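Below is one structure, written out as structure tokens; the observations come after it.
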Amino acid sequence: MTAPRGHRLVDGVDVDAVAAAAVACRGVTGLEGDAAGPAQAPVVSYLPGRTVAGVRVERERVIVQITAEWGVAVPELGRCVQAAAAPHVAGRRVDVIVARLSGVPSERAGVESE
């Protein structure tokens, strides 16, 4: 069962649209809902009967926390997520946090055997 469209909004922000826009950016492999650091709130939006991990709406900003693909330039990726999310955030600033990297090569991969 899907929630009615009005239940996608958190303080005027369509959090589902923000999440979809972020994961559509090349180099984003997913969204992360865990807290960004000690004593910080999880990056999650609460809707009736469900949550949207990786998007948190605050008074002046929307935080989008992602998993990024190894080898992608983080500043470029951040700008892509900001631009993609901007039409859906009701005029708020978009802050992007890279919480994890996926596809990280093994530390031992470049080490030759002796």
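Values in this document were obtained by computation on a predicted structure and should not be read as measured data.
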Nearest heavy-atom pair of [X] and [Y]: which atoms, and what distance?
X	Y	result
I66	V96	CD1-CG1, 4.1 Å
A84	C25	CB-SG, 3.9 Å
A22	V64	CB-CG1, 3.8 Å
G12	A90	O-CB, 3.8 Å

What pairs of residues pass the side-chain hydrogen bond (donor to acceptor under 3.5 Å, both in side chains) test when at least one of them lies in residues 77-92, not counting sequence neighbours?
D11-R92
Are R50 and D16 side-chain neighbours, meaning at least one heavy-atom pair lies under 4.5 Å?
yes
Are any non-hydrogen side-chain atoms of V62 and D95 less than 4.5 angstrom apart?
no
Among residues at least two apart in sequence or on other chains, which ones pass side-chain hydrogen bond (donor to acceptor under 3.5 Å, both in side chains) with E32?
T67, R100
Which residues pass the side-chain hydrogen bond (donor to acceptor under 3.5 Å, both in side chains) test with T51, sequence neighbours left out?
none
Which residue pairs pass the salt bridge (Lys or Arg N to Asp or Glu O under 4.0 Å) test with at least one member in residues 51-60, sequence neighbours excluded?
R56-E58, E58-R61
Common cluster, V13/I63, ILVMFWY with side-chain heavy-atom separation under 4.5 Å
no
Could you tell me which residues satisfy side-chain contact (heavy atoms from CB on, under 4.5 Å) with V23, sequence neighbours excluded, listed by chain and number?
V28, L31
Considering residues at least two apart in sequence or located in another chain, which fulfil the side-chain contact (heavy atoms from CB on, under 4.5 Å) criterion with L101?
A68, W70, V98, V104
Which pairs of donor and acceptor atoms, one on a side chain in residues 37-47, lie under 3.5 Å apart (sequence neighbours left out)?
{"unit_1": "Q40", "atom_1": "OE1", "unit_2": "G37", "atom_2": "N", "d": "3.0"}
{"unit_1": "S45", "atom_1": "OG", "unit_2": "V55", "atom_2": "O", "d": "2.6"}

